[in-house]
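Below is one structure. I have some questions about it.
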Protein chains: 2
Amino acid sequence: MADATSSPAPTCDVDGTCYCPLTGVITTLSRKYAMQLVSIIGAHDSLRFAEIEAHLASASTSTISKRLDEFEAAGLVSRTQYNEMPPRVEYALTEDGHELRERLEPLLEWASETDDAPKDDSDT
Amino acid sequence: MADATSSPAPTCDVDGTCYCPLTGVITTLSRKYAMQLVSIIGAHDSLRFAEIEAHLASASTSTISKRLDEFEAAGLVSRTQYNEMPPRVEYALTEDGHELRERLEPLLEWASETDDAPKDDSDT
DNA sequence: CAGGATCCTTATAGATACTG
DNA sequence: CAGTATCTATAAGGATCCTG
């Protein structure tokens, strides 16, 4: 995405054109359910759309679809389509996706601990 | 937010009341510049507001202010105010914040490599 | 210096309906 | 099954002005 077209200025706010895309991968990860999704997919060899939905029931179909799209575009997830009947599509992490997930897991794990285990002794 | 309502049901989509806050920390981290901010603050013992702004020049004052607020609320950052003239306020990571940063750094590092986009990371 | 309040713009998620 | 297209509601970021 960042080709050598001479203006690699990361400060997109110099003009009002864009809303500051920041770093690609981080931006992608900052979207809703993105991190969880990577984690879920990586926890399996491959998953079908409906299975992903089942794992992330709180997310809407279109949201999951969008995330998946973004992941594909970012090279984090691969999509394999089997033209059968009924249709079958499998999603899996790419190598990059796995590398990401490795770095993501400690964060998510810690986050879930922190979130439901308040460390402050004074509360409640 | 610090409501001790005994039922920590994270599935906010059972009712249409809220926009699904997800897991606290992850949501906080998903906001713009949030991860970078944690990284920046953690790279120093403490930082003043203006210094943070300088490190994250692309972010607006109000955005930084909001992040800082959220971090404080999440117990990730401490704010120390010195009633001098001129006013002096120092921000630093709490223990929790440091734990977070430890898990965040590999991700950010990998992300910047992957993205190949030089960010406004002034110091190491 | 440090930031809050306000207003505005844009981005993003969800619902719904429809298709290959 | 596996989505896409469209629309709407809302949230989130930025600019600006203003204060302690």
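None of the values given here were measured: they were computed from a predicted structure. Just so it is clear: chains get the letters A, B, ... in the order the sequence lines come, proteins before strands, and each one is counted from 1.
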**OP:** Respond yes when some side-chain nitrogen or oxygen of Y91(B) is under 4.0 Å from OP1 or OP2 of dC1(C), and no when none is.
**Re:**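 For dC1(C), OP1/OP2 do not have a side-chain N/O of Y91(B) under 4.0 Å.
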Subject >> Spacing of CD1 belonging to I26(A) relative to CG belonging to L108(B), to within rounding of 0.5 Å >> reply: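 Taking CD1 in I26(A) and CG in L108(B), the distance rounds to 5.0 Å.
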Original post:
For the residue pair A34(B) and T28(B), what are the closest heavy atoms and their distance?
Top reply: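 Reported closest heavy-atom pair: CB-O, 3.3 Å.
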Subject >> Spacing between I52(A) atom CD1 and dA2(D) atom C1', to the nearest angstrom >> reply: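 These atoms are roughly 11 Å apart.
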**OP:** Could you list the residues that satisfy side chain to side chain contact (heavy atoms under 4.5 Å, CB included) with S65(B), not counting sequence neighbours?
**Re:**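 Here the qualifying residues are F49(B).
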Original post:
Does S65(A) place a side-chain N or O at less than 4.0 Å from the phosphate oxygens OP1/OP2 of dG3(D)?
Top reply: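 No, no such contact exists.
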Original post:
Roughly how many Å is it from CD in E53(A) to P in dA2(D), rounded to a whole number?
Top reply: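 Roughly 9 Å, once rounded to whole Å.
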Subject >> Whole-Å gap separating C1' (dG20(D)) and CG (N83(B)) >> reply: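 Spelled out: CG on N83(B) to C1' on dG20(D) is 10 Å.
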**OP:** Check whether any side-chain nitrogen or oxygen of R48(A) sits under 4.0 Å from OP1 or OP2 of dA2(D), and answer yes or no.
**Re:**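 So the side-chain polar atoms of R48(A) do come within 4.0 Å of the phosphate oxygens OP1 or OP2 of dA2(D), strictly under.
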Original post:
Among all residues two or more places apart in sequence or in another chain, which pass the side chain to side chain contact (heavy atoms under 4.5 Å, CB included) test with E109(A)?
Top reply: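 E109(A) satisfies side chain to side chain contact (heavy atoms under 4.5 Å, CB included) with E113(A) only.
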Original post:
Rounded to the Å, how far apart are D69(B) CG and dA12(D) P?
Top reply: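 Roughly 14 Å, once rounded to whole Å.
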Subject >> N or O in side chain of R31(A) less than 4.0 angstrom from dT12(C) OP1/OP2 >> reply: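 Result: yes.
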Original post:
Whole Å only: how far is the CG atom of L56(B) from the P atom of dG14(D)?
Top reply: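 Result: 9 Å.
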Between the protein and nucleotides 15-20 of chain C, which nitrogen or oxygen pairs come in under 3.5 angstrom?
{"from": "dA15(C)", "atom 1": "N6", "to": "S62(A)", "atom 2": "OG", "distance (Å)": "3.4"}

Subject >> Salt-bridge contact E105(B)-R101(B) (side-chain N to carboxylate O under 4.0 Å) >> reply: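 Here E105(B) pairs with R101(B) in a salt bridge, since their nearest N and O are under 4.0 Å apart.
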Original post:
Rounded to whole angstrom units, what separation is found between the CG atom of L37(A) and the C1' atom of dT12(C)?
Top reply: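 My rounded result for the distance is 16 Å.
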Original post:
Rounded to the nearest Å, what distance is computed from the CZ atom of residue F49(A) to the P atom of nucleotide dG3(D)?
Top reply: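 For the pair F49(A) CZ and dG3(D) P, the rounded distance is 6 Å.
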Original post:
For the pair made of CD in Q81(B) and P in dG3(C), what is the distance, rounded to whole Å?
Top reply: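 After rounding, the gap between these two atoms is 7 Å.
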Original post:
Would you say R79(B) reaches dA2(C)'s phosphate, i.e. side-chain N/O to OP1/OP2 under 4.0 Å?
Top reply: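 Negative; the distance criterion is not met.
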Original post:
Can you name the closest pair of heavy atoms from Y91(A) and I41(A) and give their distance?
Top reply: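 Nearest heavy atoms, Y91(A) then I41(A): O-CG2, 4.1 Å.
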Subject >> Residue-phosphate contact under 4.0 Å: K32(B) side-chain N/O, dG14(D) OP1/OP2 >> reply: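 Checking K32(B) against dG14(D): at least one side-chain N or O falls below 4.0 Å of OP1 or OP2.
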**OP:** Taking all heavy atoms of H44(A) and all of I40(A), pick out the closest pair and write down the distance.
**Re:**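 So the minimum-distance heavy-atom pair works out to CD2-O, 3.0 Å.
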